[in-house]
Student: 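Please read through the structure below; I'll follow up with questions.
Just so it is clear, the structure is predicted and the values come from calculations on it, not from any experiment. Both backbone and side-chain heavy atoms feed into the values below; hydrogens, waters and symmetry mates do not. Here is how names work: the chains are called A, B, and so on, in the same order as the sequence lines, proteins then strands, and each is numbered from 1.
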Protein chains: 2
Amino acid sequence: MSLRHALLAILAVEPMTGYELTKQFDRSAANVWHAPHSQIYPELRKLETAGLVTAESVARGDHGIKRTYSITEAGLDVLVGWVEELDPPAPDRDAFQLKATYLEYGSFANARRQFEAHLDYHEELRRRWEVHAQVLEQRATALMQRRLEVMPPELHDALVAYKVHVYRGLAERARHEARWARRGIALVEALGAALPAEDSGLREHGEGLREHAELDDHPELSERS
Amino acid sequence: MSLRHALLAILAVEPMTGYELTKQFDRSAANVWHAPHSQIYPELRKLETAGLVTAESVARGDHGIKRTYSITEAGLDVLVGWVEELDPPAPDRDAFQLKATYLEYGSFANARRQFEAHLDYHEELRRRWEVHAQVLEQRATALMQRRLEVMPPELHDALVAYKVHVYRGLAERARHEARWARRGIALVEALGAALPAEDSGLREHGEGLREHAELDDHPELSERS
DNA sequence: ACAGCCATGTAAGTCGTTACATGATTGC
DNA sequence: GCAATCATGTAACGACTTACATGGCTGT
């Protein structure tokens, strides 16, 4: 349900076509809630059906049409209602943490590679969020400037401050992830040093594991506790 | 695609019924990749069709059946292959960060409430991950003990260390989220102090906003700055 | 003429959520 | 006899992904 609200939040600034909306979305909300245009166009139709936005068709070329969407009163109410709702925490789902849990099924070299990729990605992300936070703080994006024109001046500081707080938080989160990945690399090195001979992991110890596993077919040999 | 691999990683320990698997899953992988049993049973059928697991039906009561699943060689290969793959970073999708971005559409009291709920949740999570990391470090879960029996001893330290690293990372991530939420509360207080009179937000300034928005239909009336 | 961006979609398939449904065994 | 927990599903729906498809306008 987040996508519809993100779209409403952008349309609350000013009327836009689906394409313009998609672009503004990519530069703002998509940073925390990604969605491709193939999800946005149909969602706009649904919002229209629900009466949360209205669309005005404008000719474009000979038989093309543009649709300019505007938020309605009802849409504004839904947006405010959503902001005031406490929603239940989303179920955890982190593919990398999952994989990291089972790194013993691969080699140390692989584990290192995994953490390194994680590190690079999050260092990059961190830079990106820091820049974005600064740009927002300086109120320098087109969307932000329109927002400020449209919102009552008493709310300007809050409007900017919330967004900056989010992106600074993301930058720190990325910094944390990078630090965690660096410690992961150190861990792999320590583990590798303890087993200096080979570049170990299941590929090398694999047959060992498989034989172990096989033993389960003969409970008398693997019974425990 | 993560669910199937999580299931394989658990079945790599020992053969289990769908129900047992679901329980072990809830206590382990579900912490980083949640899935309900209604997703697990069908997924097991798919894994069976793909030849990654085999099922043995055992009678249970008069016409009930139990199906005990075991991982196959092919399943083990897929598991190892997955661990050695670098997968592209998942698109960001964080409902709370999204909402936090638009907190100016609600009252300060609401913004505070939002951050407080976030804080409570992540403080709770942090405790949970810390306990879990310790339990894993002490190799104290049933699944972990079976894992150690089944894996070659040279890999035991790595096996434990990776999992502990993940859960300590989660605990720190939760700590970071809690700190961020606390700074959010402080921010709301500062913003509220600057506007001491009312418990401000769109509900109060709302008509202002709507009129502002309306004015866009009459550009000559809303031009400013 | 062609590239590059503007602009708007559809379609097929997978993944995930929520709710419903059914019956067996175990211990009190 | 009843509750808890064991045990295994289906069904409907909505969210998301990936790929395909089409055509317009703008500048070189």
Student: Taking only side-chain nitrogens and oxygens of A/Tyr19, does any of them come within less than 4.0 Å of OP1 or OP2 of C/dT8?
Tutor: no
Student: Among residues at least two apart in sequence or on other chains, which ones pass side chain to side chain contact (heavy atoms under 4.5 Å, CB included) with A/Glu172?
Tutor: A/Arg175, B/His176, B/Arg183
Student: Measure from NE2 on B/His34 to P on C/dT17 and round the result to the nearest Å.
Tutor: 6 Å
Student: Side chain to side chain donor-acceptor pair (under 3.5 Å): which pairs involve residues 32-45 of chain B, sequence neighbours left out?
Tutor: B/Arg4-B/Glu43
Student: Would you list the atom pairs, donor with acceptor, under 3.5 Å between side chains in residues 19-26 of chain B and any protein atom, with sequence neighbours excluded?
Tutor:
unit_1	atom_1	unit_2	atom_2	d
B/Glu20	OE1	B/Thr17	N	3.4
B/Thr22	OG1	B/Gly18	O	2.7

Student: Going by the rule ring pair (Phe, Tyr, Trp, His ring centres under 6.0 Å), which residues pair with B/His5 if we only count those two or more places apart in sequence or in a different chain?
Tutor: B/Trp82
Student: Is there a residue in residues 36-45 of chain A whose heavy atoms reach under 4.0 Å of DNA chain C, and which residues are they?
Tutor: A/His37, A/Ser38, A/Tyr41, A/Arg45
Student: Listed in order of residue number, which residues of residues 22-33 of chain B have a non-hydrogen atom at under 4.0 Å from DNA chain C?
Tutor: B/Trp33
Student: Using whole Å, what does the distance between atom P of nucleotide C/dG9 and atom NZ of A/Lys66 come to?
Tutor: 13 Å
Student: Which of these nucleotides, C/dA7, D/dC16, C/dT17, is closest to any side-chain atom of B/Arg93?
Tutor: D/dC16
Student: How long is the line joining CD of B/Glu48 and P of D/dT8, in whole Å?
Tutor: 13 Å
Student: Between C1' on C/dC6 and CE on A/Met16, what's the gap in Å once rounded to a whole number?
Tutor: 16 Å
Student: Does A/Arg173 have any side-chain hydrogen bond (donor to acceptor under 3.5 Å, both in side chains) partners at least two apart in sequence or in another chain, and if so, which?
Tutor: B/Asp94, B/Glu177
Student: Only counting residues at least two apart or in another chain, list the ones meeting side-chain hydrogen bond (donor to acceptor under 3.5 Å, both in side chains) with A/Gln138.
Tutor: none
Student: Under the ring pair (Phe, Tyr, Trp, His ring centres under 6.0 Å) test, which residues partner B/Tyr167, sequence neighbours left out?
Tutor: B/Trp129, B/His132
Student: Could you pull out all residues at least two apart from B/Glu56 that satisfy side-chain hydrogen bond (donor to acceptor under 3.5 Å, both in side chains)?
Tutor: none
Student: Residues of residues 2-11 of chain A with any non-hydrogen atom less than 4.0 angstrom from an atom of DNA chain D: list those, numerically ordered, please.
Tutor: none
Student: Using distance alone, with no hydrogens and no angle criterion, decide if A/His122 and A/Trp180 have a side-chain donor and acceptor under 3.5 Å apart.
Tutor: no
Student: Kindly point out which of C/dT17, C/dT8, D/dA15 is positioned nearest to the side chain of A/Lys46?
Tutor: D/dA15
Student: To check you understand the geometry: which heavy-atom pair defines the closest contact between B/Asn110 and B/Gly106, and what is its length?
Tutor: ND2-CA, 4.5 Å
Student: Name all residues meeting the salt bridge (charged side-chain N to carboxylate O under 4.0 Å, His left out) criterion together with B/Glu123; count only those two or more places apart in sequence or in a different chain, and write none if there are none.
Tutor: B/Arg182
